[in-house]
**Student:** 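The structure is given below, and queries will be raised subsequently.
Just so we're on the same page: letters track the sequence lines, and every chain starts at 1.
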2 protein chains.
Amino acid sequence: MTTTRPDSALELRERFTRYLRDRRLPVTRQRLQVADVLFHAPDHPSVDGISRDLKRRGVTVGTATVYRTLDLLVESGLVREHDFGEGFRRFESMTTRSHHEHLVCQRCGQVVEFVNERLERMLDMIADEHTFLHRRHRVEIFGLCPDCRGRDAADLRASVTS
Amino acid sequence: MTTTRPDSALELRERFTRYLRDRRLPVTRQRLQVADVLFHAPDHPSVDGISRDLKRRGVTVGTATVYRTLDLLVESGLVREHDFGEGFRRFESMTTRSHHEHLVCQRCGQVVEFVNERLERMLDMIADEHTFLHRRHRVEIFGLCPDCRGRDAADLRASVTS
DNA sequence: TTACGTGCAAAGGCTTTGCAGTCGG
DNA sequence: CCGACTGCAAAGCCTTTGCACGTAA
């Protein structure tokens, strides 16, 4: 279940390189390193998470460069930007998986992805009904993941007993 | 269509007063003024918008107090907090209307509300499927409102002609 | 009277910007 | 070589916090 999808990552790096070359933008060590970290991330890292990951690998990339590279990655369409209302952004590389939404655990921060075709169609319909041109959307369900759900119930029992 | 819902606003102010009294918290001029501005707002104002509205009415309330009052209003359940990914929060008073979602225009910032029972049920189902305890959710559709949609097409024609 | 609120200014957290030095193509 | 990038530090935003003073009950 925790696949690293190395082949996907390689392909994405190539696509990013191509994107840069097409626009006559330098393909620098920093840009590739930031992209690689993100392409290999199994989750939805924040800028801080990406920086720490880079440090762990022994390389240092200035914060400003990380932000600037993320802008490029988002523009290129290879990376998706998220704002789960935590006060900072998270990023996610686009694998071959289809468009998906998120379930966010309010206790442990775990993010689970889900796909639902019917939901997507319904959103198209709703936009149409309001004569809106539908460009993108965001569906997030907040609550407790299976683990935290049980733990919360346990906490409650403990507090009642004490 | 642009109803100010004055009766609703009055009732909400009363409910807020009751909320404060119940917790033995002082009912101050500032708290009521911030609440009133929000209860009368037809849209989803930001902290800055609320402050400017207060100034327009000739009263001044410190920024810190506005933030602290908004915390109370959200805790009381009379106000809903939103984050449309703009880098700041927006607030909306809970009228008697049922739970709703938002269509956001990426050009002019207009926010249109919509209600869709089927959508709500579908989200419950999805959370269930993943054994998540569903506490709240967020559905936002971004794009162009009817007005901006036309304007964008016009811009495009103009740029092609020039 | 007294606990809590208020306003100001300072601090905080995330992100962007300005600029001198550096490097890819 | 030149234009674009990088890193650092400073600045920008929104929001929170500390503190002396004020006020609701």
Side-chain angles (χ1 to χ4, degrees), chain A residues 13-14 16-38 44-55 57-76 79 81-91 109, chain B residues 13-14 16-38 44-55 57-76 79 81-91 109:
Chain A
R13 198 184 60 173
E14 224 163 272
F16 185 44
T17 305
R18 219 176 306 141
Y19 176 83
L20 293 173
R21 286 209 220 289
D22 287 353
R23 322 205 138 199
R24 309 241 142 74
L25 296 176
V27 178
T28 63
R29 170 184 68 80
Q30 290 89 334
R31 286 179 174 171
L32 289 179
Q33 284 173 334
V34 169
D36 271 345
V37 161
L38 203 39
H44 305 68
S46 59
V47 168
D48 189 57
I50 292 170
S51 291
R52 276 190 282 103
D53 206 337
L54 285 166
K55 208 161 289 169
R57 294 186 183 205
V59 291
T60 332
V61 178
T63 317
T65 302
V66 174
Y67 276 102
R68 289 187 281 231
T69 303
L70 286 169
D71 284 346
L72 286 171
L73 286 163
V74 170
E75 278 166 32
S76 76
V79 163
E81 187 183 341
H82 292 295
D83 177 357
F84 293 141
E86 302 163 296
F88 54 85
R89 288 174 292 168
R90 289 178 175 277
F91 298 85
Chain B
R13 199 187 58 173
E14 224 163 274
F16 184 44
T17 305
R18 218 177 306 141
Y19 176 83
L20 293 173
R21 284 209 221 290
D22 286 353
R23 324 205 139 197
R24 312 241 140 74
L25 296 175
V27 178
T28 64
R29 172 185 67 80
Q30 289 90 335
R31 287 179 175 170
L32 290 180
Q33 283 173 334
V34 169
D36 271 344
V37 160
L38 202 40
H44 304 66
S46 59
V47 168
D48 190 57
I50 292 169
S51 291
R52 277 190 282 102
D53 205 336
L54 286 166
K55 208 162 288 170
R57 294 184 182 208
V59 291
T60 332
V61 178
T63 316
T65 301
V66 174
Y67 276 102
R68 289 187 280 232
T69 303
L70 285 168
D71 285 346
L72 286 171
L73 285 163
V74 170
E75 279 166 32
S76 76
V79 162
E81 187 181 341
H82 292 295
D83 178 357
F84 294 141
E86 303 163 295
F88 55 85
R89 288 175 291 169
R90 287 178 177 276
F91 298 86

**Student:** Rounded to the nearest angstrom, tell me the gap between atom CZ in A:R23 and atom C1' in D:dC5.
**Tutor:** 17 Å

**Student:** Counting C-beta onward and ignoring hydrogens, is there a side-chain heavy-atom pair between B:V61 and B:K55 closer than 4.5 Å?
**Tutor:**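 No; the side chains remain at least 4.5 Å from each other.
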
**Student:** Who are the salt bridge (charged side-chain N to carboxylate O under 4.0 Å, His left out) partners of A:R52, not counting sequence neighbours?
**Tutor:** A:D48

**Student:** Specify the closest pair of heavy atoms between B:L20 and B:P26, including all atoms of both residues, with the distance to one decimal.
**Tutor:**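 Answer, listing the atom of B:L20 first, then B:P26: CD1-O, 4.1 Å.
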
**Student:** Within the side chain of A:S51, is there an N or O that forms a donor-acceptor pair under 3.5 Å with the backbone of A:V47?
**Tutor:**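 Yes, A:S51 side chain to A:V47 backbone: donor-acceptor pair under 3.5 Å.
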
**Student:** I want to check something: taking the side chain as every heavy atom from C-beta on, are B:L70 and B:L73 in contact at a cut-off of under 4.5 Å?
**Tutor:**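 With C-beta onward as the side chain, the pair touches.
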
**Student:** Quickly work out the A:F88 CZ to D:dC13 C1' distance and round it to whole Å.
**Tutor:**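 Rounded to the whole Å, the gap is 17 Å.
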
**Student:** Please name the pair of heavy atoms, one in A:Q33 and one in A:L54, separated by the smallest distance, quoted to 0.1 Å.
**Tutor:** O-CD2, 3.8 Å

**Student:** Does A:R24 have more than 12 heavy atoms from other residues, nucleotides or ligands lying within 6.0 Å of its CZ?
**Tutor:** no

**Student:** What's touching nucleotides 16-25 of chain C from the protein side, N or O pairs under 3.5 Å?
**Tutor:**
{"from": "C:dT16", "atom 1": "OP2", "to": "A:R89", "atom 2": "NH2", "distance (Å)": "3.3"}
{"from": "C:dG25", "atom 1": "OP1", "to": "A:V27", "atom 2": "N", "distance (Å)": "3.1"}

**Student:** Check the phosphate of C:dG5 against B:T65, side-chain N and O only, distance under 4.0 Å to OP1 or OP2. Yes or no?
**Tutor:**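 Negative; the distance criterion is not met.
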
**Student:** Of A:H44, A:R89, A:R90, which meets side chain to side chain donor-acceptor pair (under 3.5 Å) against A:E81?
**Tutor:** A:R89

**Student:** Grab the two heavy atoms, one from A:G85 and one from B:D83, that are nearest each other, plus how far apart they are.
**Tutor:**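 Nearest pair, atom of A:G85 first, then B:D83: CA-OD2, 3.5 Å.
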
**Student:** Roughly, in whole Å, what's the span from CZ in B:F16 to C1' in C:dG5?
**Tutor:** 12 Å

**Student:** Calculate the interatomic distance between B:L72 atom CG and D:dT15 atom C1'; express it in whole Å.
**Tutor:**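 So the two atoms are 16 Å apart, to the nearest Å.
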
**Student:** Tell me what B:T60 touches on the nucleic acid: a base, only sugar-phosphate, or nothing, going by heavy atoms under 4.0 Å.
**Tutor:** sugar-phosphate

**Student:** In whole angstroms, how far is the C1' atom of C:dC14 from the CG atom of A:D83?
**Tutor:** 11 Å

**Student:** Where does DNA chain C form stems of at least three consecutive Watson-Crick or G-U wobble pairs, each pair having both distances below 3.5 Å?
**Tutor:** C:1-25 with D:1-25

**Student:** Grab the CG-P distance between A:L73 and D:dC5 for me, whole Å please.
**Tutor:** 13 Å

**Student:** In whole angstrom, what separates B:Q30's CD from C:dC8's P?
**Tutor:** 11 Å

**Student:** Using whole Å, what does the distance between atom P of nucleotide D:dT15 and atom CD of B:E86 come to?
**Tutor:**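 Computing the B:E86:CD to D:dT15:P distance gives 11 Å.
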
